[in-house]
Amino acid sequence: MSELAERFETHDPGEKQVAEKIRCDACPVMCYISDGRTGACDRYGNVGGRIVRMDPLTILDHATEAGGAVVPFVAEGEEWDGKLVNTGRRFVTAIGAGTTYPDYKPAPFIVSQEVEGVDLVTVVTEGIFSYCGVKVKIDTDRHIGPETATVRSAGEAIGHVTTGEYGSQMLSLGGVHHLTGGSKAEGRATCDALLNLCNRKPVELTIDGGSVVIVEAGKPPVIDGKLEHRMRVGCGSATIGMFATQWRGLVDEVVVVDDHITGVVSEHQAGKVLGWQDTGIKIVGRRSTPGRYFKVSEPGLGWGGTSISDPLSILGEWNAKKGARPGLSLLMVSTTGEQFAYYELDDALKPVQKPFPERLQKSVGLIEENCEPALCTVLFVGGAGGSLRAGVTENPVNLTRSVQGLTTYVTVGGAPVYVWPGGGITLMVDVTRVPEGAFGYVPTPALVAPIEFTLRRDDYIRLGGYEAEIRSVDDILAKGGEYLNPRHGTAAPARNPWPPLAQLRRAAGNGAK
Ligand code: SF4
């Protein structure tokens, strides 16, 4: 009998068995599952009277960073044949690992591996995150809704618009109040939206008093049915600063229309330094400093994130005493270079639109060329400071201290995370760096995310780790774990280097010994 079959045979469901069903205890829902069926989250099932994690345990192969091929270690439904497919550096992720619930248990896998003379331990578990959400960055100038406006999915409130960043609108979604503090429908809709966003699927979000936005991590946003192409090169003032020299001698005046800071080259410091002449232009808006105007319009979907479609609407009367004259040329352009128009003043000092001259094409093209592609970025934010830590060490606060002290390196599905300073382990990770489909959910509702803690073996023992549970990668490949699922090898994303030896060596030099 193979090791794997033996494990199946020795798993005794007896005391958990209720009328032919067996109980899954991987989360507080405690589903009773009939043979051949899965539980409420589909992550666990009853396979011949045993609780099995239905997805394979994912093992990343870092050897393929050098271009080697990788095939599954064990295909689903088959037993491992004893052959190591790739002997390079492998990283046992928590994807498919199972959880520590009800928390007192050691993590499903505690893996040892020596890399370049450093004896490392990686503690691997899927975490149930009731305290979690996503921060979404949408690269667009367009006004998608007022700050603090409610963001909805499937009609339910799941978050809000938060403070915008440079060239991007920001959403804060999820969090414990939407997951657990509202109605059941709100919790379900929140969990559903978070899960899809984290697994890089498109989600339609409706903003109260604003737009309908389709967000998909790593893809351009679709705002009110229109695909966004570019994020702006900078604010109107910065655009003037960057391109003033390109326009010198080609046109008498340039206005860069922007909802935040509209720039006017003849008045702007950049224009002054280059010897630009006054033009007698008048901008309708609040003058901040020379050549920089706030609030030329209301925010919207028009030029430069304003609500205007006719740029002349932000201009007042031209002043002949301050340089306005018939024939004076004017370029108006948006911060992405997508909208542009050329005018000349007539005898009554009114701007008249003229065909766009060839000589200005290059500078407008340069604005467009300097715009980066507009993308949606989704960062998963979760608090791992709770009981999950007990699966790592018998004294949970030691893990928090070790993470904060950079002695322990935290990853989500092998992807590096940012850990917030201060108390607890509040982490953020770019979901596009996490292998696809890594996130799950339980109907409490909460998200399930893979999490791994890597540290030196001696540090692990010192912080009260479960030394007796440490296993080698080969042993895990061969025998799997409590949840009996197959192991699956895949190439590690090139952007996720592992292990972080420099950090862990520094930690050792920092008094970790
Ligand atoms: S919801 Fe999923 S993890 Fe929770 S008890 Fe049911 S099957 Fe197990």
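All residue numbers refer to positions in the sequence shown, counting from 1. Numbering of ligands and ligand atoms starts at 1, following listing order. Since we're looking at a predicted model, the values are computed, not measured.
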Worksheet entry | Residue list, side-chain hydrogen bond (donor to acceptor under 3.5 Å, both in side chains) with Thr400, at least two apart or on another chain | Arg389

Discussion item. Distance alone, cut at 3.5 Å: any donor-acceptor contact between the side chains of Thr335 and Asp258?
Written reply: no

Worksheet entry | Polar protein atoms near atom 2 (Fe) of ligand 1 [N, O or S; cut-off under 2.8 Å] | Cys41 SG

Worksheet item: Quick one: do Asp459 and Arg457 make a salt bridge, cutoff under 4.0 Å?
Response: no

Worksheet item: salt bridge (Lys or Arg N to Asp or Glu O under 4.0 Å) with Asp141: which residues, sequence neighbours excluded?
Response: Arg232

Worksheet item: Ion pair present between Asp474 and Lys479, side-chain N to carboxylate O less than 4.0 angstrom?
Response: no

Worksheet item: For Arg43, which residues count as a side-chain hydrogen bond (donor to acceptor under 3.5 Å, both in side chains) partner, sequence neighbours excluded?
Response: Glu126

